[in-house]
Amino acid sequence: MAKHINTLQNTNTLSLSGTLTRRAFLKKTAAAGVALGVPSVMGRSLASYGARLPKTTLAMVTGNRVAATKKAIELLGGIKSFVSKGSRVVVKPNMSFPHPPQRATNTHYEVVATVAGLCMEAGAREVLVLDYPFNRPEPCLKLSGIRDACAKIKNVYTLAVVDEKFFRTVAVKQGRVLQQVKVIKDVLDCDVLINLPTAKSHTTTGVSLGMKGLMGLIWDRKYFHASVDINQAIADLSSAINVDLIVLDASRALVNGGPSGPGQVTEPRTIIAGTDPVAVDATAVTLAPWYGQNFSGAMVKHIVAAHEMGLGTLQEQDINMLKARV
Amino acid sequence: MRRAIQLFFLAAFTFLFFANPYSEKLPVPADLFLRFDPLLAAAHVLASWELHFNLVLALIVIISTVLAGRFFCGYVCPLGTLFDLAGRRAPTTPKKSRWLSGKYYILIFVLASSLLSLNLAYLFDPLAFLTRVYTFLLYPFTIAGANLGLDALRPLADYLNLLYLSHKHYTQPVFALNSITVLLCTGLFVLHFITHRFWCRNLCPLGALLAFFARFAVLKRRVSAACTTCMRCYRACPMGAVEQEPHKTSEAECIECATCSRVCPEDAVTFNMLPSVMLRSPQKLNLSKRSFFLSAGAGVLAVLSHRMDPVARIDTGRLIRPPGALPEGMFLDVCIRCGHCMKVCPTNTLQPCFFERGIAGIWSPRLVPRLAACDQTCRLCGTVCPTDAIRTLSLEEKKHAKLGTAFIDRNRCLVWERNQLCLICDEQCPYNAIVFKWEEGYRKPYVVSNKCNGCGLCEQACPLQGASAIQVTTQGEIRLAQGSYSEKAQELQLELQEDPGDDGFFFTDDAPDNKAGSSDVPAGFIVR
């Protein structure tokens, strides 16, 4: 309980700074966090400063997925701590599969529409909901329900990016197996990037959560599978793409047969939000038994690889977990 | 007036072609023109010895021809319209063409070979030809042009923040045999510029078939006594149907375009219906008995030489037909190579054959899974096939129309050969047909053949450079002329349901002895 109050105070401090630009604000908060020794939501930024990792804050909310999504973001200080007025937001759900929501292969459209709506309410200029589906794009956008759900919100665009001309090569400075990678231009040029993964099993990487989901933003996925250690490549990719917020949809989890299914779908009814990609994924691993077994984040190769690169925290005691039920 | 009717049919033909990915919403079938084609219907019936509903539609065209002559060539045929639109570059040949009978030879050749069940009508039929030109040339070039336009517009769209426009891109369709279609198409138009409508006059077997019936037509060209023999009609006739004595008409050649009537300074030429002419015996075809038997014999020879082609005996297993395709022999008889199925295929996996099945197979559709897989949410190829060479199936039925079975090449597979962590084929498989067994401490993929319907998603996705390490072959394909695929699949104990249960991560009866403590840890997790 004390922990909870502590964080709420922290959250209040954060929301005072709404007039600053987001990035400047993040840096300042981070610096302040270090100076004051208070827990910060900015674990990711600090990691890149090379400071000792402080506690990272995650919100884990159980219940109705729309309410849980809203509550989780609210616990992190509200959408306005991430999205400032006039910004262009890219939201990256998983919409790679021409499957209806009950297959649990795509992020649930209600979660996508909720986050997109929050961004617009926060004054975003526009929200681009985009992915590079590896199936034919039209049925993916349609059957996932995401396009229809987002079409109801003004200035929210659901886009499938399917040609190399929409991608640009960026260097992976910290990369251990990747030197460069081709990423969707909109992702590189946007003001805010929100990752909206869904919780799935994966035949190659064990689980497919936030960091694995970023593979939907790159051009050459075959390279990851065939030419390098995919687990390390996922970690490398995470170091190159600056995600501002992760809202992980574990309202359902595809616990086997993933990523394309069909497989067994369980209902953790949970939304996890945070800014630390390692902590979010590591926490999500514990929400469901994968392939009938219980795992922790420390047992997933690509999550461990990302942790070892300093991209986030794995230890439970270093995570300031804000739990709620709606 | 005539030009307006021609343009209407050309526009309709073009519209139906481009609208056909959405043909399930169209009030008429996308292949409407082909369904009315008497040549295709005749060859189909002769080759397969089965009646088809299209025969009724074709009879409508034949009966109208008996009433109104070769109006089809002059008003309806979109290829003829394209020739007319291309204009007249050549001076009218006053000499009677020596090639006029060519079309009859081709017709007889086609019908004779069809009778021996080698359907070659598709090679020469103008509507099938034009549909192929549309599929293999017009369509891909239109998409390429649209993308160039979009690329040019993109800076402006970005500037105006028109996000849908700035992200718009059409996937470029690609087709094999493009160059052959270009050559044929160019050839026909070059001939057209040497002699106006060279194709229609001298080569078109559909024209020949209609010409045969046009001789009985009630609608006839008549020249009154006002004729001064100025020969303008003779020079203007696009078909060379006006005889050297200009009051006479070669009725098999006349396409009722009435050009002669328009150019006549004396208004001496009229077209009217006179039922009494039916009693008169029709004009003779410009055809000798000798050449009749020669061309029929050529048709027989074509059939025999085709039967001597070793392709009929070699089964490479890689000639994968579209889902719902009739058994191979029937399929080749019935498929008219119009290319509609290849046009609608949303993944572009359907490609024209070259000589993989000899002369009988050229331009017939096949799947190329390395290029793309068969979309499991699509059944369009069957819905647009004008002759039901690909049967129209429900999605559930189509799923059970097994195309073949995937096989893993262990010498090339990254997992089998290099113990690399790659399981993309399993990731892609919609039916959990790929499972794992433990082999010397590594989990290795296997195909469960009764769960595989040959969709090719695995072959397409295999990250290996060059040929895929998992390939679909026709082994176990299901080709039914009639009856239910689902029932057949059940009989063969196929399990193609997208079963939501555990995919049996390992063969349970093959579980390893677990001595390393690692055996049941899935890939991607760290062994403790």
Side-chain angles (χ1 to χ4, degrees), chain A residues 88 98-99 102-103 125-126 128 130 134-139 143 155 157-163 165-166 186 201-208 212 221-227 229-231 255-265 285 290-293 295 298-304, chain B residues 21 147 150-151 154 161-164 166-172 346-348 372-373 375-378 414 418 420-432 434 436 443 445 457 460-465 497-506 520-528:
Chain A
R88 171 180 280 198
H99 300 158
Q102 57 269 25
R103 281 276 293 265
R125 188 160 72 121
E126 66 246 329
L128 281 62
L130 54 79
F134 50 64
N135 288 285
R136 194 154 56 96
E138 283 296 302
L143 291 171
N155 290 331
Y157 302 84
T158 309
L159 305 165
V161 183
V162 293
D163 195 78
K165 67 189 166 200
F166 298 111
D186 295 296
S201 52
H202 194 283
T203 42
T204 307
T205 58
V207 286
S208 173
K212 172 71 179 71
R221 290 187 280 236
K222 279 191 177 180
Y223 182 78
F224 274 48
H225 286 277
S227 306
D229 172 11
I230 188 169
N231 293 308
V255 295
N256 60 35
S260 60
Q264 195 185 336
V265 178
V285 171
W290 304 98
Y291 302 106
Q293 298 178 54
F295 293 102
M299 295 171 77
V300 179
K301 288 177 184 170
H302 69 268
I303 298 180
V304 173
Chain B
N147 280 331
L150 286 168
D151 287 348
R154 195 154 287 119
N161 212 26
L162 302 170
L163 289 174
Y164 285 125
S166 69
H167 288 79
K168 191 78 198 160
H169 171 81
Y170 296 99
T171 307
Q172 176 66 50
T347 69
N348 208 191
D375 191 316
Q376 296 300 289
T377 62
C378 166
L414 291 170
R418 296 186 224 163
Q420 217 163 311
L421 190 60
C422 168
L423 300 161
I424 289 195
C425 49
D426 177 48
E427 175 181 318
Q428 289 289 321
C429 181
Y431 304 114
N432 287 332
I434 293 174
F436 301 94
R443 47 200 294 285
L457 276 162
Q460 178 194 3
C462 176
L464 215 60
Q465 281 192 330
Q497 298 305 327
E498 301 188 344
D499 91 275
D502 192 325
D503 63 352
F505 199 75
F506 308 105
D520 51 3
V521 177
F525 294 107
I526 292 168
V527 175
R528 282 284 152 88

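Just so it is clear: chains get the letters A, B, ... in the order the sequence lines come, proteins before strands, and each one is counted from 1.
For a residue to count as touching a neighbouring chain, one of its non-hydrogen atoms must lie under 4.5 Å from one of that chain's; by this rule B:L163 touches chain A with backbone and side chain alike. Contact of A:V207 with chain B is made through backbone and side chain together, with heavy-atom distances under 4.5 Å. Residue B:R154 touches chain A through its side chain alone, counting heavy-atom pairs closer than 4.5 Å. No part of B:A373 comes within reach of chain A, as not one of its non-hydrogen atoms sits under 4.5 angstrom from that chain. Neither the backbone nor the side chain of A:R221 has a heavy atom closer than 4.5 Å to any heavy atom of chain B. Interface remark: A:E126 contributes side-chain atoms only to the contact with chain B (heavy atom separation under 4.5 Å). Only the side chain of A:D186 has a heavy atom closer than 4.5 Å to any heavy atom of chain B. A:I303 does not touch chain B: none of its heavy atoms, backbone or side chain, sits under 4.5 Å away.
With values rounded to the nearest 0.5 angstrom, B:T171 atom OG1 is found 7.5 Å from A:D163 atom CG. B:L414 CG to A:H225 NE2: the interatomic distance, rounded to the nearest 0.5 Å, is 11.0 Å. The distance from atom NZ of A:K165 to atom CG of B:N147, rounded to the nearest 0.5 Å, is 4.5 Å. Interatomic distance, A:H202 NE2 to B:D426 CG, rounded to the nearest 0.5 Å: 9.5 Å. The CG atom of B:L162 sits 7.5 Å away from atom OH of A:Y157, with the distance rounded to the nearest 0.5 Å.
Across every non-hydrogen atom of B:C429 and A:S260, the tightest pair is O-OG, 4.1 Å. Closest non-hydrogen pair, B:Y164 versus A:L159, comes out as CD2-CD2, 3.5 Å.
Contact count against chain B (heavy-atom pairs under 4.5 Å) is highest for A:P259 among A:S227, A:S201, A:P259, A:P98. In terms of heavy-atom pairs under 4.5 angstrom with chain A, the leader among B:T377, B:T347, B:D151, B:L464 is B:D151. Contact count versus chain B (heavy atoms, under 4.5 Å) is highest, among A:T158, A:V161, A:N155, A:V285, for A:T158.
Within a 6.0 Å sphere centred on CD of A:Q102, heavy atoms belonging to other residues, nucleotides or ligands number more than 12.
Between B:H169 and A:F166, the angle of the ring planes goes over 60°, which puts this pair in the perpendicular group of the 30/60° scheme.
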